[in-house]
Amino acid sequence: MKEANRLVAIRLARIGSKKRPYYRIVVIEKRRARNGRFLEVLGQYNPIVNPAQVNINGERALYWLSKGAEPSETVASLLRKKEIVKA
């Protein structure tokens, strides 16, 4: 089970249209495509509005991090900004 969780990442999946980026924060297997089949949606990220809008289910994010999921750099910075993870 632990070996399988090392292959899991928390990253962004783009769902926005051309020149209007909008992202889902998803738990996905590392080998899958950026917008491939994911395990769970943790939230949304809208960088267009000022300030950027971020909605994350902190409880589920901490659960996946405790299971060994590895956040991307962008997701890690979003988790720090929302104070879900300590710097």
Side-chain angles (χ1 to χ4, degrees):
M1 185 73 174
K2 285 190 177 187
E3 184 177 317
N5 283 329
R6 288 187 196 139
L7 303 175
V8 175
I10 301 173
R11 65 184 186 207
L12 299 175
R14 184 176 170 136
I15 57 173
S17 59
K18 184 177 178 181
K19 300 201 180 199
R20 301 284 299 166
Y22 189 83
Y23 301 93
R24 282 187 185 138
I25 300 167
V26 297
V27 178
I28 191 167
E29 291 178 30
K30 285 187 178 181
R31 292 178 290 200
R32 293 217 181 264
R34 179 191 71 187
N35 291 341
R37 191 173 69 208
F38 51 84
L39 301 171
E40 184 177 353
V41 176
L42 297 180
Q44 299 88 28
Y45 171 53
N46 185 0
I48 294 285
V49 296
N50 193 11
Q53 183 181 21
V54 180
N55 297 322
I56 301 176
N57 183 340
E59 188 176 308
R60 292 302 292 166
L62 288 174
Y63 166 79
W64 281 105
L65 290 170
S66 72
K67 293 293 183 185
E70 199 174 307
S72 68
E73 287 183 28
T74 306
V75 172
S77 72
L78 292 174
L79 291 172
R80 283 192 301 272
K81 282 181 187 173
K82 284 293 189 176
E83 297 179 356
I84 295 171
V85 175
K86 301 287 185 238

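Hydrogens, waters and symmetry mates are skipped; everything else that's a heavy atom, side chains included, is used. A quick note: this is a predicted structure, and the numbers were derived from the prediction, not measured.
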Contacts table for residues 49-59: side-chain donor-acceptor under 3.5 angstrom, sequence neighbours left out:
from  : atom 1 : to    : atom 2 : distance (Å)
Asn57 : OD1    : Glu59 : N      : 3.3
Asn57 : OD1    : Arg60 : N      : 3.3

Inset, instruction - Could you state whether Val8 and Val85 fall into the same hydrophobic cluster, counting links through intermediate Ile, Leu, Val, Met, Phe, Trp or Tyr residues with side-chain heavy atoms under 4.5 angstrom apart? - result: yes
Inset, instruction - Taking side chain to side chain contact (heavy atoms under 4.5 Å, CB included) as the test, write out the residues that go with Ser77, two or more places apart. - result: Arg80
Would you tabulate the side-chain donor-acceptor contacts of residues 12-28 under 3.5 Å, counting partners in other chains and residues two or more places apart, or write 'none'?
from  : atom 1 : to    : atom 2 : distance (Å)
Arg14 : NH2    : Ser17 : O      : 2.9

Legend entry - Side chain to side chain, Val75 and Leu42, heavy atoms closer than 4.5 Å: no
Inset, instruction - Name all pairs fulfilling the salt bridge (Lys or Arg N to Asp or Glu O under 4.0 Å) condition that reach into residues 41-58, sequence neighbours left out, sorted by first residue then second. - result: none
Legend entry - Minimum-distance pair of heavy atoms, taken over all atoms of Ile10 and Ala61: CD1-O, 4.4 Å
Legend entry - Same cluster (ILVMFWY, side-chain, under 4.5 Å), Leu39 and Tyr63: yes
Inset, instruction - To the nearest 0.5 angstrom, please state how far the NZ atom of Lys67 sits from the CG atom of Leu62. - result: 13.0 Å
Legend entry - Taking every non-hydrogen atom, the tightest pair across Arg11 and Ala33: NH2-O, 3.2 Å
